[in-house]
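The structure appears right after this line, and notes come after that.
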Amino acid sequence: MSLLVLSVFTGYLPPPMPSVPMPVPEQAPNPPVWHIPSISEDRARQAFATYVSSKCCYSSAPVREGVITNMESFNTYRYRLETFMESRSTEWSQEPYAGQPVDAGVQPAPGPWQIAAQPPAFFQEHKQTIKVPYTSSVKNCHLCLGMGRNPCTTCAGAGNKVCWVCNGSGYRHSDDRCTHCNGRGRENCSSCSGSGSCQCDTCHGKRQLLVFINLNVKWSIEKDDFLAQDSSGLKVEKLEEVSGKELYKDAQYMVYPVRGFPDASVAQASERLVRDHQVKYAQTSRILQQRQTIELIPITKVNYMWKGKPNVYYVYGNEFKVNADDYPATCCCSVM
């Protein structure tokens with residue numbers, strides 16, 4: 001029996017050792033010059049005005065009358081590592097036998113990684129199912145025992161059931177014979193047309209099944225993010241709602257960790273995740289491509305005065321979203 005048959009149902013199958021040397025990561029490029037942008041006071045006011053206008057219970061007075069006293073930029077970075085890989089698993093499958101070719105035993109079945117499959121473009125997830133050659137055989141259907149039919153589950157094989165009009169009495173009112181069942185008290189089962197049996201759902205009445213092994217090929221993306229800590233005071237979950245400005249992007253067969261980044265925690269996270277991905281996923285899958293990016297998620301803390309009292313709001317993300325939990329001019333709204 002071939003290794004493929006023995007390995008069915010054992011989960012994802014590890015790829016074989018390459019017969020030729022795999023490409024190594026290209027030499028790490030020189031660290032780029034990291035340029036950190038910031039937003040202007042006008043842009044902060046505009047974002048604030050848009051935010052307030054979207055709130056039916058917020059007065060626009062703080063936007064019109066508030067005086068910005070200070071703007072603090074907090075540079076928060078999101079490092080993302082994506083590994084695009086191919087995984088393969090096998091499983092038994094079956095279909096009604098209608099004369100398809102039977103090739104089990106003609107020659108040994110190919111191994112799971114010996115079967116050609118057309119991969120999609122990099123970083124596009126896809127699945128493909130391939131019938132493995134030389135694994136097809138025929139057997140009697142196990143559900144109907146090769147009969148092609150099974151007892152009807154609606155009438156338990158009787159072919160008829162109690163009349164729903166007269167509840168089996170044969171009469172409707174006193175001596176009036178039931179016209180629905182002609183006084184029999186029972187009616188033919190509509191599910192099996194009175195035969196007491198239905199076509200087998202497994203073999204579709206063919207009595208035999210073609211049994212074979214399917215190879216399931218999956219191209220998937222495994223992704224890990226690292227968000228650098230910031231001291232702005234904005235809740236971390238808010239940053240998950242926005243995109244950032246891409247500062248760095250690198251894609252190749254296997255990437256090198258980022259070097260020379262101003263925030264040491266990002267470089268450390270890159271080194272850790274690159275190592276973890278290459279060790280973890282190479283055990284059960286074939287790595288086809290890796291991609292790493294660094295985004296700047298701009299956070300600006302805006303301090304302003306309104307009616308002699310200090311207030312704060314945040315402008316963050318590529319979308320210039322605003323968070324102002326303690327907005328000073330709200331009113332109670334009621335729905336009529």
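Position 1 is the first residue of the sequence, and the numbers go up from there.
His180 is linked by a side-chain hydrogen bond (donor to acceptor under 3.5 Å, both in side chains) to Trp164, Glu187, counting only residues two or more places apart in sequence or in another chain.
Gly148 and Cys144 make their closest contact through N-SG, 3.1 Å (heavy atoms, listed as atom of the first residue, atom of the second, distance). Across all non-hydrogen atoms, the minimal contact from Pro133 to Ile115 is CD-CD1, 4.3 Å. Residues Ser59 and Pro62 approach most closely at O-CD, 3.4 Å, considering heavy atoms. The minimum heavy-atom distance linking Trp306 with Ala329 is given by the pair CH2-CB, 3.9 Å. Scanning both residues, Val302 and Ala44, for their nearest heavy atoms gives CG2-CB, 4.1 Å.
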Check your understanding: Does the pair Ser193 and Ser195 meet the rule for a side chain to side chain contact (heavy atoms under 4.5 Å, CB included), with working shown?
Key -> CA-CA 6 Å; Ser193 300; Ser195 68; 5.6 Å; no

Practice item. Output, in order, the C-alpha distance, side-chain angles, deciding distance and verdict of side chain to side chain donor-acceptor pair (under 3.5 Å) for Glu295 and Ser243. Key: CA-CA 8 Å; Glu295 293 174 284; Ser243 61; 5.3 Å; no

Check your understanding: Are Asn214 and Glu91 close enough, and set up right, to give a side chain to side chain donor-acceptor pair (under 3.5 Å), and what steps lead you there?
Key -> CA-CA 5 Å; Asn214 267 337; Glu91 63 179 356; 5.0 Å; no

Practice item. Carefully, step by step, assess Asn311 and Asp326 under the rule side chain to side chain contact (heavy atoms under 4.5 Å, CB included). Key: CA-CA 8 Å; Asn311 296 277; Asp326 299 318; 5.9 Å; no

Review point. Taking it one step at a time, do Gln124 and Trp219 satisfy side chain to side chain donor-acceptor pair (under 3.5 Å)?
Key: CA-CA 7 Å; Gln124 289 187 10; Trp219 292 273; over 6 Å; no

Exercise for review: I would like to know whether Leu145 and Asn140 meet side chain to side chain contact (heavy atoms under 4.5 Å, CB included); could you show each step before the answer?
Suggested key: CA-CA 6 Å; Leu145 302 179; Asn140 284 339; over 6 Å; no

Point to revise | Evaluation steps, side chain to side chain contact (heavy atoms under 4.5 Å, CB included), between Asn323 and Leu234 | key: CA-CA 8 Å; Asn323 178 253; Leu234 183 65; 3.8 Å; yes

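Around CZ of Arg186, the count of heavy atoms belonging to other residues, nucleotides or ligands within 6.0 Å exceeds 12. Residue Glu271 places its CD atom among 12 or fewer non-hydrogen atoms of other residues, nucleotides or ligands, all under 6.0 Å distant. More than 12 non-hydrogen atoms from other residues, nucleotides or ligands lie less than 6.0 angstrom from CZ of Phe123. Within a 6.0 Å radius of CE in Met305, other residues, nucleotides and ligands contribute more than 12 heavy atoms. Other residues, nucleotides and ligands contribute over 12 non-hydrogen atoms within 6.0 Å of the CZ atom of Arg149. Counting heavy atoms of neighbouring residues, nucleotides and ligands inside a 6.0 Å radius, atom CG of Asn70 exceeds 12 of them.
No side-chain N or O of Ser220 forms a donor-acceptor pair with one of Glu125 less than 3.5 Å apart. Side-chain polar atoms of Gln292 and Tyr79 form a donor-acceptor pair below 3.5 angstrom. For the residue pair Ser265/Asp263, the side-chain donor-acceptor check at 3.5 Å is satisfied. Inspection of the Gln278 and Gln290 side chains reveals an N or O donor paired with an N or O acceptor under 3.5 Å. Side-chain N/O atoms of Glu86 and Ser285 include no donor and acceptor closer than 3.5 Å. Thr83 and Tyr281 form no side-chain donor-acceptor contact under 3.5 Å, judged by distance and modelled atom types alone. Donor-acceptor pairing under 3.5 Å is lacking for the side chains of Asn303 and Thr69. Side-chain contact, Glu95 with Gln100: a donor N or O sits under 3.5 Å from an acceptor N or O.
With contacts defined as side-chain heavy-atom distances shorter than 4.5 Å, the pair Lys161/Asn188 does not qualify. The side-chain heavy atoms of Ile294 and Arg78, taken from C-beta on, include no pair separated by under 4.5 Å. Contact of the Asp201 side chain with the Asn150 side chain is not registered, since no non-hydrogen atoms from C-beta on lie closer than 4.5 Å.
From Phe74, atom CZ reaches atom CD of Glu72 across 4.5 Å, with rounding to the nearest 0.5 Å. To the nearest 0.5 Å, the span separating OH on Tyr314 from CD1 on Ile299 amounts to 9.0 Å. Here the straight-line distance linking atom NZ of Lys301 with atom OG of Ser232 works out to 7.5 Å at 0.5 Å rounding. Between atom NZ of residue Lys206 and atom SG of residue Cys141 there is a gap of 13.0 Å, rounded to the nearest 0.5 Å. Between the CG atom of Asn216 and the OG1 atom of Thr129 there is a distance of 4.5 Å, given to the nearest 0.5 Å.
Annotation: cation-pi geometry not satisfied between Arg259 and Phe261 (NZ/CZ under 6.0 angstrom from ring centroid, within 45° of ring axis).
Ring centroid separation for the pair Phe320 and Tyr51 does not come in under the 6.0 Å cut-off. The aromatic ring centroids of Tyr313 and Tyr304 lie less than 6.0 Å from each other.
Hydrophobic clustering, defined by side-chain heavy atoms of Ile, Leu, Val, Met, Phe, Trp and Tyr closer than 4.5 Å, leaves Val67 isolated from every other such residue. Hydrophobic side-chain contacts under 4.5 Å tie Leu210 into a cluster, directly or through other members, with Tyr97, Val102, Val138, Phe212.
The main-chain N or O of Ala98 is never found under 3.5 Å from a side-chain atom of Gln208 such that the two would form a donor-acceptor pair. Remark: side-chain polar atoms of Ser60 are not paired, donor with acceptor, to backbone N or O of Val63 under 3.5 angstrom. Judged by distance alone, the side chain of Glu240 and the main-chain N or O of Val236 form no donor-acceptor pair under 3.5 Å. Between the side chain of Arg291 and the backbone N or O of Arg80, no donor-acceptor pair lies under 3.5 Å. Between the side chain of Asp103 and the main chain of Ser136, a donor-acceptor pair closer than 3.5 Å is present. Under the 3.5 Å distance criterion, the side-chain polar atoms of Ser270 are left unmatched by any main-chain donor or acceptor of Val266.
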